[in-house]
Amino acid sequence: MTTVTLTREDHIGIITINNPPINATSHPVRAGIVDALDQVDHDPAIRIAILICGGKTFIAGADVTEFGQPPKDPILPDVIKRLEAATKPVIAAIHGHALGGGLEVALGCHYRIADKSAKLGLPEVNLGLIPGAGGSVRLPRLVPVTEAINIITSGKPVSSTKANEIGLIDAICHGALLDAAKDFAQTILDRDMPVALVDRPPVDVPDSSAWDDIVATARKNARGQIAPLAAIDVLRTGLEKGAKDGLAYERQTFIELRDSDQSKALRHIFFAERSVGKLPELSGVDPAPITDIGVIGGGIMGAGIATASLLAGFKVTIIERNEDACANGRNTVEKHLSGSLKRGLITQDRFDQLMAALSTSTDYAALASADLVVEAVFEDMAVKHDVFGKLSLHCKPDAVLASNTSYLDINEIAVKCVNPGRVIGLHFFSPAHIMKLLEIVRTKQADAKSLATAFAFGRSLGKIAVPCGVCDGFIGNRIMSAYRKHCEYMLEDGALPHQIDAAMVEFGFPMGLFAMQDMAGLEISWATRKRLAPFRDPAERYVALGDYLCEMGRFGKKNGLGWYRYDEHGKAQPDPEVDALVIAESEKKGITRRDFSHDEIIDTILAAMRNEGDKILSEGIANSPDAIDVVMVNGYGFPRHKGGPMFLTRSDK
Ligand code: NAD
């Protein structure tokens, strides 16, 4: 198949790009567009051109295989200039996604129409970059500057409805895209050739105090990322100094950012997320078809897992202990789905369909047709054994049986099962219908078919599925336990909770460890510690401060007191009472307290993560350092622009 073709229908030249899967702006596409434009210019029979893509999408980004290669002419900025210099108008006809270079190509065209499900965006900041082919200069010449800034700094695509509202596209089409583009072409045939975007004045230019506000907001949202602020700087230059200077500054900034540590880290995590769930040993193993999901336990996790499964189009049955618990589970799912409805993510019809696809029961016989079951009952081996015994009895012999346990040994859970090869761990993160991360735990006997089915299930839920082996806490909780321990040591050695948290926030975590513990509630881990106390190695250093807090009735944010004191708005304030408790504990243990700088705090945390990560790798729990990075970034707030603890502490970056 030729990558770019030009056909003619009457006086319309149709330039079609075919570069599956995403019609990336690879070299043959760039060269093909230029070539087609030359032909359009020279063909007197053509009065207008349509640029359209075959397959599932418009141009949805760059060709990742060209990353790091020397640029090959024509480079994208020149292709876009060539589009603007065309002597006949070009209409971009957009379906699927017009992202990054794809939207920049569309901005080089003279008109843009899109079908109603199209999405348009400039996601470069997600890779620590800014648009590199004129997007930051052309976009604010088409849409209001606040919209342009929002599109560029958020990296989030907008719907075609929104694009139409703000003037990014000229029309939304409802029928077949090419037909709509041809109809649109007829309506503009006799109009004057539009002025190219680079030659147009900006839609609006903020004054300097408005810029101050824009930058302050962006700095707050960026949480340490440099690309969004660089994008604003470039955009402002293009508005205040003109398009020519703006384009030059954009290119220079793009190249600087491409070589930055942040962009390297963001690219690392981007590729790690896409590769981590691809297991060579599962290639060629067909997953079993799944339509019916069972969820045991309709509590926090079970209801979230049920919601995620419903949203992915599965039929779901929740099994609970009694009718009240069934009703609670159902209500929680309904609450989650109402949230989606309120945010406009689903329609009322869809909401009704999803609720109709949910059933609850106290009888395991209701799981007779389930293809995959996720158990999310209390964290107690006896309860889990009871549940898996019943699942063995009532489910199809090849139904995949998964546990969402946080810490228990899934090999041990599988013992009670007929066909233990189908028992695996599906460790979701709370809230399960929102968090993207899913650890897929491979038990000793797990068979390839069940694993492949679990990965397929994870993908259909839209999760980033990370394979891992059985151990206490799997990848994420195990690393978190390790670094938590070192944070607690630092408390006794001289740091205060709010100092550790401040260092973590400054580093880029959304919140510090102690604020996070307060949010989760301190009493659950206290109960676990009490349960495990008899098995603790007496020689190991143990920090009892968390226990003292619970003994004092400080259970965290929900009762206004934990590691912090919470005001009536729920805002955390360092509490002198806690500081005194920490200092008294050091004294009691005969430890001379010393100061910790933010750097030392972060170095300690990173070293703890790295050490535990190395152990996890050597035990084969994670199959690559990338898997650890993906878990910590997506489940534990590790700043994405730092790439994850394994990447950040790598000496060969
Ligand atoms: P939860 O207490 O909110 O819910 C547990 C539910 O299981 C309750 O509704 C209870 O009625 C039901 N249940 C108990 N025994 C049952 C049985 N025999 N049959 C049917 N239903 C039964 O607990 P949760 O926070 O949802 O945790 C559930 C599991 O998920 C635990 O193993 C936990 O370790 C794990 N997990 C929790 C989180 C989290 O953040 N809460 C995260 C990951 C994993």
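Read the numbers this way: they start at 1 and go in the same order the structure lists the ligands and their atoms.
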**Prompt:** Is the shortest distance from a heavy atom of Tyr364 to ligand 1 less than 4.0 Å?
**Reply:** yes

**Asked** Does His427 have a non-hydrogen atom less than 4.0 Å from ligand 1?
**Response** yes

Basic-acidic side-chain contact under 4.0 Å: [X], [Y]:
X	Y	answer
Asp575	Arg554	yes
Glu281	Arg442	yes
Glu488	Arg484	yes
Lys557	Asp518	no
Lys449	Asp286	no
Lys558	Glu523	yes
Lys384	Asp380	no
Glu273	Arg640	yes

**Prompt:** What pairs of residues pass the side-chain hydrogen bond (donor to acceptor under 3.5 Å, both in side chains) test when at least one of them lies in residues 337-351, not counting sequence neighbours?
**Reply:** Gln348-Asp352, Arg350-Gln353

Which residue supplies the protein heavy atom nearest to [atom], what is that atom called, and how far is it?
atom	answer
atom 43 (C) of ligand 1	Phe428 O, 3.2 Å
atom 2 (O) of ligand 1	Phe378 CE2, 3.5 Å
atom 5 (C) of ligand 1	Ala376 O, 3.6 Å
atom 4 (O) of ligand 1	Gly299 CA, 3.3 Å
atom 17 (C) of ligand 1	Arg321 CG, 3.7 Å
atom 32 (O) of ligand 1	Glu379 OE1, 2.5 Å
atom 40 (O) of ligand 1	Ser430 CB, 3.4 Å
atom 23 (O) of ligand 1	Ile300 N, 4.7 Å

Could you see which bit of [X] sits under 4.0 Å from ligand 1, with heavy atoms only: side chain, backbone, both or neither?
X	value
Asn328	neither
Glu439	neither
Val387	side chain
Tyr407	neither

**Request:** Ignoring hydrogens, just give me the one of Asn404, Val377, Asp380 whose non-hydrogen atom is nearest atom 28 (C) of ligand 1.
**Result:** Val377

**Prompt:** Quick one: which of Met301, Glu320, Met435 has a heavy atom closest to atom 9 (O) of ligand 1?
**Reply:** Glu320

**Prompt:** Considering all protein heavy atoms, does one lie under 4.0 Å from atom 34 (O) of ligand 1?
**Reply:** yes

**Item:** Contacts of Asp409 that satisfy side chain to side chain donor-acceptor pair (under 3.5 Å) - sequence neighbours left out
**Value:** none

**Message:** I want to check something: taking the side chain as every heavy atom from C-beta on, are Thr405 and His427 in contact at a cut-off of under 4.5 Å?
**Reply:** no

**Request:** Indicate yes or no: at least one non-hydrogen side-chain atom of Ser450 is less than 4.5 angstrom from one of Asp447.
**Result:** yes

Report, in ascending order of atom number, the atoms of ligand 1 lying under 4.0 Å from any heavy atom of [X].
X	value
Lys384	31 (C), 32 (O)
Thr405	32 (O)
Ile319	20 (C), 21 (N)

**Nitrogen or oxygen atoms of Ser406 and ligand 1 under 3.5 Å apart** = yes

**Message:** If you count every heavy atom of other residues, nucleotides or ligands that lies below 6.0 Å from Met519 atom CE, does the total exceed 12?
**Reply:** no

